[in-house]
There are 2 protein chains.
Amino acid sequence: MKKTVLIFGMLALAILALLQLSSYSLISGDLTIEFVISGIAIVFFIIGVFIQKKFKKEAVVSQEIDREQIDAIGLSKREYEVLLEMASGYSNKEIAEHLFVSESTIKTHVSNVLLKLDAKRRTQAIQKAKELHILPI
Amino acid sequence: MKKTVLIFGMLALAILALLQLSSYSLISGDLTIEFVISGIAIVFFIIGVFIQKKFKKEAVVSQEIDREQIDAIGLSKREYEVLLEMASGYSNKEIAEHLFVSESTIKTHVSNVLLKLDAKRRTQAIQKAKELHILPI
DNA sequence: AACGGTCTCATACTAAAGTACCAATTTCAT
DNA sequence: ATGAAATTGGTACTTTAGTATGAGACCGTT
């Protein structure tokens, strides 16, 4: 995040410098008008591409999760937490430790998640959850 | 695809027209140099953003799988196939049926995949594979 | 021809996942 | 406050998953 700010700051400076440079070049007559304009066009085109790329990457990574879908399915808060842990690749025992409950409890939650997502295995549940856009990434 | 070509053609024409227009404007002295340059900069910046967006949209949907990563990890062709099936949520038995081999064979492949991805469970393997960009979406 | 790698399959385990039922608490809205 | 839903937990059991080990068959390379 700090990196982004830094890059944008430097970019802004570069743009200003470029504008100044081209104005002076034109006035002093070192370069033709067409050449300068073409240069400007190319540089700003590249900058546009670059910035869009940067934004897109961050937008895609933090893909929206469909909260309406979650309670349309009927997943409770706790069950959803367990689903997230499952999707992260943790075992029932590990999930139990993370959430400070017993493994039995996790098994109950997992079974409920499988029922509600109509899945036979946790891997299938994860896949279905992904298709329903209720999982990050 | 035909649409894309059309858009690009019209864009190229627009760019040329813009360049011509600004040259004439400058020569005839209707506009100041700074104004024209700024205008050009803004327009081309927007064009850059637009084009990048167009390309990205198509690229993101079918997110690239990093084939180099696959053999950097040392996954064989068959092992990767099994990994894909795992990620789709299938059981070993189902994968065996899909690939026309025995469940024993699948177990062997799965074990190898887990080893190579340094995972303890298939869900963890899937998660890691996702982070390594070797899985579609 | 010999070798390494891959793919195949089997047996015999251990470990984890998942099911079925039951039950006590807690939470929360009507 | 009362009832419904959610959370927690347990036992007992079945089913998958995963490990370890060994081995035969195939393929391409040197």
Side-chain angles (χ1 to χ4, degrees), chain A residues 65-132 134-135, chain B residues 65-132 134-135:
Chain A
I65 61 171
D66 193 340
R67 295 181 189 285
E68 289 175 25
Q69 192 69 264
I70 293 174
D71 53 58
I73 295 163
L75 282 179
S76 76
K77 194 174 154 189
R78 204 57 160 169
E79 286 163 354
Y80 181 64
E81 285 185 289
V82 171
L83 174 58
L84 288 179
E85 291 279 322
M86 287 198 300
S88 298
Y90 294 116
S91 69
N92 289 338
K93 186 178 279 181
E94 286 171 334
I95 298 174
E97 288 166 5
H98 294 170
L99 302 184
F100 307 107
V101 293
S102 78
E103 196 184 338
S104 295
T105 305
I106 299 302
K107 283 190 176 187
T108 307
H109 287 320
V110 170
S111 277
N112 288 332
V113 170
L114 294 186
L115 263 178
K116 291 177 181 178
L117 281 171
D118 189 31
K120 294 201 192 89
R121 289 161 292 282
R122 51 169 60 204
T123 49
Q124 196 179 27
I126 293 167
Q127 177 62 20
K128 287 200 173 189
K130 205 147 291 171
E131 287 169 3
L132 293 168
I134 60 177
L135 287 184
Chain B
I65 60 170
D66 194 340
R67 295 181 190 283
E68 290 175 24
Q69 192 69 264
I70 293 174
D71 53 58
I73 295 162
L75 282 179
S76 75
K77 194 174 156 188
R78 204 57 160 170
E79 285 162 355
Y80 181 64
E81 284 184 290
V82 171
L83 174 59
L84 288 180
E85 292 278 322
M86 287 197 300
S88 297
Y90 295 115
S91 69
N92 289 337
K93 185 178 281 183
E94 286 171 335
I95 299 174
E97 287 165 5
H98 294 169
L99 302 183
F100 307 106
V101 294
S102 78
E103 196 184 339
S104 294
T105 305
I106 299 302
K107 283 189 174 186
T108 307
H109 287 320
V110 170
S111 277
N112 289 332
V113 169
L114 295 185
L115 263 178
K116 291 178 181 178
L117 280 172
D118 190 32
K120 292 201 193 88
R121 289 161 292 282
R122 53 170 59 203
T123 49
Q124 195 178 28
I126 293 166
Q127 178 60 20
K128 288 200 173 190
K130 207 148 291 172
E131 287 170 2
L132 292 169
I134 60 177
L135 287 183

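Just so it is clear, the values below take in all heavy atoms, side chains as well, and ignore hydrogens, waters and symmetry mates. Each chain gets a letter, A, B and so on, in the order its sequence line appears, and its residues count up from 1. Predicted model only: the values in this text are computed from it and were never measured.
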For [N] and [X] - does any side-chain N or O of the residue sit under 4.0 Å from the phosphate oxygens OP1/OP2?
X: B:R121; N: D:dA17; result: no
X: A:S102; N: D:dG10; result: yes
X: A:S91; N: C:dA16; result: no

Which nucleotide in the set [options] lies at the smallest distance from any side-chain heavy atom of [X]?
X: B:R78; options: D:dT8, C:dC7, D:dG18; value: C:dC7
X: A:S76; options: D:dA6, C:dT8, C:dA17; value: D:dA6
X: A:L114; options: C:dT8, D:dT11, C:dT19; value: C:dT19
X: B:V101; options: C:dA10, C:dA17, C:dT8; value: C:dT8
X: A:T105; options: D:dT11, C:dG18, D:dT8; value: D:dT8

Determine whether [X] and [Y] make a side-chain contact, defined as any pair of heavy atoms from C-beta on separated by less than 4.5 Å.
X: A:I106; Y: A:Y90; value: no
X: A:E85; Y: A:E81; value: no
X: B:E94; Y: A:R121; value: yes

Please report the C-alpha distance between B:E131 and B:K128 in whole Å, then the side-chain angles of each, then the deciding distance to 0.1 Å, and finally whether the salt bridge (Lys or Arg N to Asp or Glu O under 4.0 Å) criterion is met. CA-CA 5 Å; B:E131 287 170 2; B:K128 288 200 173 190; over 6 Å; no
Using atom [atom1] of [X] as one end and atom [atom2] of [N] as the other, report the distance to the nearest whole Å.
X: A:E103; N: C:dA16; atom1: CD; atom2: C1'; answer: 8 Å
X: A:L99; N: D:dT7; atom1: CG; atom2: P; answer: 11 Å
X: A:K77; N: D:dT8; atom1: NZ; atom2: C1'; answer: 15 Å
X: B:L75; N: C:dG5; atom1: CG; atom2: C1'; answer: 14 Å
X: A:K116; N: D:dT7; atom1: NZ; atom2: C1'; answer: 11 Å
X: A:K120; N: D:dT16; atom1: NZ; atom2: P; answer: 10 Å
X: A:I126; N: C:dA17; atom1: CD1; atom2: P; answer: 11 Å
X: A:K93; N: C:dG18; atom1: NZ; atom2: C1'; answer: 16 Å

Minimum heavy-atom separation for B:Q69 and B:L132, please, with both atom names.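 Answer, listing the atom of B:Q69 first, then B:L132: CG-O, 3.6 Å.
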Mapping B:T123 and B:H109 onto DNA chain C by nearest heavy atom, which one lands closer to the 5' end?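 It is B:H109 whose nearest nucleotide is closer to the 5' end.
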Which residue, A:N92 or B:K107, contacts DNA chain C at a nucleotide closer to its 5' end, judged by nearest heavy atom?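 On the 5' side of the pair lies B:K107.
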